[in-house]
2 protein chains.
Amino acid sequence: MGHRESPTGWGYMPARIEDVAAHAGVSTKTVSRVLNGHPSVRATLRTRIEASIRALNYVPNPAARGLAGNRSYLIALLYDNPTASSSYIMELIVGMLQACNGTPYNAVLHPFHAADDLAARIDGFVATHRPDALVLVPPHANNAKLLQRLDELDIRYSTISSKLRQSRIDIGFDERRAAADIIEHLLSLGHRRIAHVSGLKGHGAQVWRLNGYRDALRKAGIEYDESLVVEGDFTFASGAAGAKALLSRRRPPTAIFAANDDMACGVVREAYERGLAIPDDLSVCGFDDTPVSQLISPGLTTVRQPCREISCLAVESVLQSIRDPAMSLKARVPYQMQLRASTAKPAKP
Amino acid sequence: MGHRESPTGWGYMPARIEDVAAHAGVSTKTVSRVLNGHPSVRATLRTRIEASIRALNYVPNPAARGLAGNRSYLIALLYDNPTASSSYIMELIVGMLQACNGTPYNAVLHPFHAADDLAARIDGFVATHRPDALVLVPPHANNAKLLQRLDELDIRYSTISSKLRQSRIDIGFDERRAAADIIEHLLSLGHRRIAHVSGLKGHGAQVWRLNGYRDALRKAGIEYDESLVVEGDFTFASGAAGAKALLSRRRPPTAIFAANDDMACGVVREAYERGLAIPDDLSVCGFDDTPVSQLISPGLTTVRQPCREISCLAVESVLQSIRDPAMSLKARVPYQMQLRASTAKPAKP
DNA sequence: GTCAAATGTACCAGCGCTGTCAATAGAAAA
DNA sequence: TTTTCTATTGACAGCGCTGGTACATTTGAC
């Protein structure tokens, strides 16, 4: 059942396409057509063959398929090793696994240190692993030379939250709008002096989130005060440093919006060091809804970035683009505000 | 260089073993021997062939290798989807990637919901992906039926922190000793009423960490008080619930040791809700040193579980066991205490 | 009933590599 | 010098699947 007895009588040998063909009384080529979704197979025959496949418990051998069809059935997630937050990557890979589920494709991780010669080093990577497609996240997703090299090598890819127009397939969410939403939440609580610890320059996320911050202030008729924005780099330490600068002002802000959760944790740390209570003395918001935002006390108000949906869609569309090279897609998936206890009405000033 | 021009004159065709053989003036088989580290190739020839490989920038095609050698060059990490902490898994996979680096092997993740029929479902997984080896973490690493099934299927595996003797290759660290260390740290600060929120029953980690706690108390001549130990399940919520019970006692503990970081965060949350200051009113310790332990305020005293080293070793040894099926290894890698600000001298009682 | 399109079969090469086994060379033994 | 032996090396047949060509059969349109 579902396997041939091996000649030695020991161990199982999985069924081959030939066995399925024999079982269904057709040629191997026809089975192959069914397997690969080729259209010209009559519905009745198709069902019969599918039944045989199930009966024999047949699963095509990926290596054989790959060799014959010059494919690897591998989709690699390229991320920047030290920079990328591990929970972010983990969420992405889970979404990718979900998208690969039921397909012959396999998702693999590939950390890649961002550096000048990345576009060159990619050649070695491609030669070694021959992925059928790539999924890129920032900062790689914003590396124009890298994308160009991939185009030259004729490797399909999709990007996540890229700021480059060059990328034919990009998935993200409306970060600007989400940042504005979170500021509006603070405004609605009564905050007027709202500071921002921004992200690393070069990331789209830095600009979008900053712009959303400005949008909301403008809409509320509050003048933009450049001195209330300090530059961070998405790390905990930079968040703490940013908060230190902001809270040392003569008139410190009543709320700080950090461009990601790690930096928000840094802000919380600095407040803790100064004996400021959150949210009573200072409201804090993050961005991304990484696991830490629920583990920290008080819980962090943040925006849930729909990582799994994004990476799942990124994989689905890049697979589609293998069939249809002309395909192009810029998708924005819905996000969600997560209101937790780190934000509240400001104390009387 | 390093590729043939494609017949169409468009795109690159990577070098094949045949090209290397021609370049070095030997047969393809001899090149293959060099590639696979077969001993019977004369040193001078070997160097010449290696030079040709570099000159042509040759990288073997994994699909062809896999097909011919009946291998997939895939090593899967099997983990339990909802239970496993994502940062733990992420650390493990990073270690696995490191071990695979420079080998033809690829590490893939495979979430697998723990359930009664897991040992049966594994067959389908193996048929589909044909991994050459598996790395199992708890709870799968403690699933005797599963390991037995893998033995029957003749699939190599290594386990991480398994409590089963059945596993031929297991990597972990001395959790009992580490837990004792952390309790000794609390004792040295002057704590005497130390509580413990234990892990999920069935995990080795639950027993080892609890035993370490008891070891240290016994050594200090403190009688074991069962009522100071509450049962958790490694989740944040169970940590908070455990702390709630402990802190509601007439004489609450001055320190709480949670069996992992997530639960320690739950303890911190409960303290926060009650307005207890950490570490002044309550010292808290975690276990594992997940990223959150640095992000939370105050920083969490914990034990650094050397995840990357563990998973790296797990992969290296399971690969070795493919060559040498008789191989067996029970390794305990060194761990490290991380003293942070969540522990301090107890306030006067 | 005729013709074209749709559908299916048969067959074979070949993807790039490794396993098997035979062949060869060089060294040791006679 | 010849023989024997072992260490090296090579020839060849696939691994299981897909792509292509060539042809057979069915279907539906006219």
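Please read all numbers here as calculations on a predicted model, not as lab measurements. Every chain is numbered from 1, with letters handed out A, B, ... down the list of sequences.
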Distance, nearest 0.5 Å, that separates NE2 of A/His110 from CG of A/Leu134: 10.0 Å
[X] [atom1] - [N] [atom2] separation (whole Å):
X	N	atom1	atom2	result
A/Asn70	D/dG16	CG	C1'	16 Å
A/Leu35	D/dT18	CG	C1'	11 Å
B/Arg130	D/dC15	CZ	P	14 Å
A/Arg46	C/dA6	CZ	C1'	14 Å
A/Ile49	D/dC17	CD1	C1'	15 Å
A/Arg48	C/dT9	CZ	P	8 Å
B/Tyr58	C/dC17	OH	C1'	7 Å
A/Asn36	D/dC17	CG	C1'	9 Å

For [X], which contact category applies under a 4.0 Å heavy-atom criterion: base, sugar-phosphate, or nothing?
X	result
B/Ser40	base
A/Asn61	sugar-phosphate
A/Ile17	sugar-phosphate
B/Arg71	sugar-phosphate

Residues, nucleotides or ligands: over 12 heavy atoms within 6.0 Å of A/Asn36 CG: yes
Exceeds 12 heavy-atom contacts within 6.0 angstrom, atom NZ of A/Lys145: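 No - once you tally the heavy atoms of other residues, nucleotides and ligands closer than 6.0 Å, there are 12 at most.
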Comparing B/Arg42 and B/Val59 on DNA chain C - which has the more 5′ nearest nucleotide: B/Val59
Lys/Arg N to Asp/Glu carboxylate O, B/Arg332 vs B/Asp170, below 4.0 Å: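 Judged by the 4.0 Å cut-off on N to carboxylate O distance, B/Arg332 and B/Asp170 do form a salt bridge.
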Identify which nucleotide among [options] has an atom closest to any side-chain atom of [X], counting heavy atoms from C-beta outward.
X	options	value
B/Thr28	C/dT9, C/dG16, C/dT18	C/dT18
B/Arg33	C/dC15, C/dC17, C/dT20	C/dT20
B/Leu67	C/dT18, D/dC15, C/dC15	D/dC15

B/Ala68 or B/His38, whichever maps to the more 5' nucleotide of DNA chain D: B/His38
Most 5' of B/Gly25 and B/Gly69 on DNA chain D, judged by nearest nucleotide: B/Gly25
No-hydrogen, no-angle side-chain donor-acceptor test under 3.5 Å, B/Gln320 and B/Glu316: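 Result is no, nothing qualifies.
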Is [X] near enough to [N] that one of its side-chain N or O atoms lies under 4.0 angstrom from OP1 or OP2?
X	N	value
A/Ser32	D/dT18	yes
B/Tyr73	C/dC17	no
A/Thr30	C/dT9	yes

Side chain B/Lys29 and base C/dG19 donor-acceptor under 3.5 Å: yes
Pairs flagged by side-chain hydrogen bond (donor to acceptor under 3.5 Å, both in side chains) wherever residues 119-132 of chain A is involved - sequence neighbours left out: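 Pairs touching residues 119-132 of chain A that pass the test: A/Ser72-A/Asp132, A/Asp117-A/Arg121, A/Asp123-A/Arg149.
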